[in-house]
S.K.: 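First the structure, then my questions, so here it is.
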Amino acid sequence: MFLRKYAPFIIGILLLLFILLIPSSRSIGWTKDKESMLQLPPAPVQNLFTENKESTLYVNVSLNPVVFGQMQSLNDKFMEHHANIHVYLTNYEQGGSLYDEWMAQQALGTGADIMLLDNGWVRLFAVSGLLKPTEGLLAGDALADQFPAVLDALKWNGYIWGVPLTLDPYILLWNKGLLAEANMIAPPDSFEQLRQLSEQIPLLQAGNHDLEQNYLTNIDAADLQHLLPLLAVFQEEEDRLLETKKWSIRQLQIADWLRENEEFVYNPSDKGSELLYQDRVLMTVMSWSQYAQMDDELQQTLFLDKHSIVYPWLNGTSFAVSSMTGFEQEALQWIGWMSSEVNSESKADKLKALPVTASAWSKARSSKQQDYKGIEWEELLSKKPTEHTSSRNNLDWMQQWTNWYKGWSQNAKLMIDQLNEEVLSNEIAPQHETALQAQAS
């Protein structure tokens with residue numbers, strides 16, 4: 001009877017005590033609130049891209065100021081859409097010892113996460129263990145959209161090590177006016193004809209320093225990429241243009257002829273297009289984009305030699321990812337976005353660059369962006385390199401050429417005489433290995 005009478009009162013007292021004791025129980029640590037959980041040691045972070053992870057990328061490029069400015073604008077646009085990724089671009093002066101500098105930076109672990117490399121450099125960096133493959137961006141349809149000639153330069157050991165960004169091959173142009181003065185309506189078709197032609201050009205005589213002097217060319221014989229278009233024009237089927245150790249006597253003679261006539265080789269940065277407008281340069285090597293940006297009047301004075309284009313992938317560029325980067329996924333994301341933007345229809349037309357993929361070429365044809373002067377670029381780019389044209393047989397051809405040319409400049413005549421003697425005595429090896437290897441060393 002007693003319990004029934006006071007049961008409600010007792011239950012009420014117990015509920016009141018329970019409510020009063022709840023804050024104390026939390027301070028004892030019987031429950032885990034959000035704050036205490038955040039103070040736990042963090043779990044190991046996997047090296048995968050997440051939208052919330054802050055990351056910083058450094059990118060090395062070597063572009064003219066106008067193009068670099070355009071890339072900076074695109075980079076700002078990228079960071080607006082990817083607030084967690086910070087990208088810093090550094091533009092290096094073009095030319096010089098850039099290859100050696102970037103190679104040393106990567107070897108020391110102080111290089112950039114991403115580099116815009118000359119297509120001729122990509123495999124050399126990969127062989128040195130300085131790059132990560134870019135397979136993630138070139139698979140399926142994206143891979144099928146690439147040109148075989150370009151991919152061949154980016155492949156090594158079964159992987160692709162770069163993502164093509166630009167194609168801007170060197171071409172050889174002849175001055176129609178100077179050809180006409182020598183009673184020629186077309187460029188010479190042999191090296192012997194070229195030598196005879198050079199002797200007929202007015203004012204092109206040793207010791208004549210007239211201000212109106214004509215020039216042979218702007219070709220820098222110390223730069224193999226600059227020299228290749230001329231060698232290609234007079235090449236024979238068995239010639240290996242990138243393998244200096246297997247050059248023929250004729251190829252060596254062309255290089256030596258330029259070396260001997262340095263007085264009549266002008267520096268494009270000093271003279272610019274002034275000499276071209278004045279019909280004072282017999283033959284000029286320049287990139288396709290430089291030619292495409294000329295006005296029509298100047299283009300009409302020049303003959304574009306289609307035979308000079310053998311390596312359409314040379315002087316093009318590809319993005320590559322450093323093996324030292326800690327942000328591989330973010331780097332690939334930036335490269336994929338930037339490549340798509342740069343090669344969009346409007347921007348490619350503004351840069352006067354050649355389309356870098358098959359689909360981009362299809363759009364360019366339909367929109368008639370440029371006059372490609374009858375050059376079958378797609379056919380050239382679609383050709384699978386042969387044993388003679390592939391650079392795989394000579395991985396370090398660029399560095400090899402630099403070292404080789406230093407000795408060549410000093411002993412060219414001796415080297416040619418030696419090869420001539422061997423030919424006459426029928427003792428020459430099929431590929432002239434002995435003499436050239438001795439000179440390279």
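Residue indices begin at 1 and follow the sequence shown.
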S.K.: Do L124 and V127 touch side chain to side chain, with heavy atoms closer than 4.5 Å?
M.R.: no

S.K.: Can you label the angle between the W313 ring and the Y311 ring as parallel, tilted or perpendicular, going by 30° and 60°?
M.R.: perpendicular

S.K.: Give a yes or no on whether the backbone of L302 and the side-chain of W174 come within a donor-acceptor separation of less than 3.5 Å.
M.R.: no

S.K.: Hey, is CG on D141 packed in by over 12 heavy atoms from elsewhere, all under 6.0 Å?
M.R.: no

S.K.: Under 3.5 Å, is there a donor-acceptor pair between the side chain of N75 and the main chain of V87?
M.R.: yes

S.K.: Could you tell me whether the side chains of D296 and Q300 share a donor-acceptor contact shorter than 3.5 Å?
M.R.: no

S.K.: Looking at Y58, I want to see if its OH is surrounded by more than 12 non-hydrogen atoms of other residues, nucleotides or ligands under 6.0 Å.
M.R.: no

S.K.: Can you tell me if CD1 on I185 sees more than 12 non-hydrogen neighbours from other groups inside 6.0 Å?
M.R.: no

S.K.: Quiz question: by atom type and distance under 3.5 Å, do the side chains of S322 and D113 form a donor-acceptor pair?
M.R.: no

S.K.: Taking Q105 for its side chain and A112 for its backbone only, find out whether a donor-acceptor pair lies under 3.5 Å.
M.R.: no

S.K.: Would you say Y92 and E101 make side-chain contact, with heavy atoms under 4.5 Å?
M.R.: yes

S.K.: Measure the shortest side-chain to side-chain distance between S318 and V163 over non-hydrogen atoms and say whether it is less than 4.5 angstrom.
M.R.: no

S.K.: Counting only heavy atoms not in H86 (residues, nucleotides, ligands), do more than 12 fall under 6.0 Å from its NE2?
M.R.: yes

S.K.: Please report the shortest heavy-atom distance between N119 and T317, naming the atom on each side.
M.R.: OD1-C, 3.3 Å

S.K.: Can you check whether V59 reaches L116 side chain to side chain, under 4.5 Å on heavy atoms?
M.R.: no

S.K.: Of all the heavy-atom pairs spanning D118 and G120, show the shortest one and how long it is.
M.R.: OD1-N, 2.7 Å

S.K.: Do you know which of T284, N214, D279 makes side-chain hydrogen bond (donor to acceptor under 3.5 Å, both in side chains) with N175?
M.R.: D279

S.K.: Classify the side-chain pair D168/S289 by whether it contains a donor and acceptor separated by less than 3.5 Å.
M.R.: yes

S.K.: Tell me the closest heavy-atom pair linking L381 and F147, and the distance in Å.
M.R.: O-CB, 3.3 Å

S.K.: Describe, in one word, how the ring planes of Y291 and W288 are oriented to each other, choosing from parallel (under 30°), tilted (30 to 60°) and perpendicular (over 60°).
M.R.: tilted

S.K.: Roughly how far, to the nearest 0.5 Å, is the CG atom of L354 from the OG1 atom of T166?
M.R.: 9.5 Å

S.K.: Any donor and acceptor pair, going by atom type alone, linking the side chain of S362 with main-chain N or O of A358 inside 3.5 Å?
M.R.: no

S.K.: Below 6.0 angstrom between ring centroids: does that apply to W102 and F125?
M.R.: no

S.K.: If we ignore hydrogens and angles and just use 3.5 Å, is the side chain of N91 paired with the main-chain N or O of L63 as donor and acceptor?
M.R.: yes

S.K.: Just by modelled atom types, is the P355 backbone N or O under 3.5 Å from a matching donor or acceptor in the W361 side chain?
M.R.: yes

S.K.: Looking at every heavy atom in both W161 and K155, which two are closest together, and how far apart are they?
M.R.: CD1-C, 4.3 Å

S.K.: Are side-chain N/O atoms of S287 and N315 paired as donor and acceptor at under 3.5 Å?
M.R.: no

S.K.: Taking K77 first and then E80, would you say they form a salt bridge - that is, a charged N and a carboxylate O separated by under 4.0 Å?
M.R.: no

S.K.: Can a side-chain donor-acceptor contact be found between E330 and H82 if the only test is distance below 3.5 angstrom?
M.R.: no

S.K.: When you compare the side chains of E328 and T325, does any donor N or O come within less than 3.5 Å of an acceptor on the partner?
M.R.: no

S.K.: Report yes if some heavy atom in the side chain of T134 is under 4.5 Å from a heavy atom in the side chain of Y159; otherwise report no.
M.R.: no

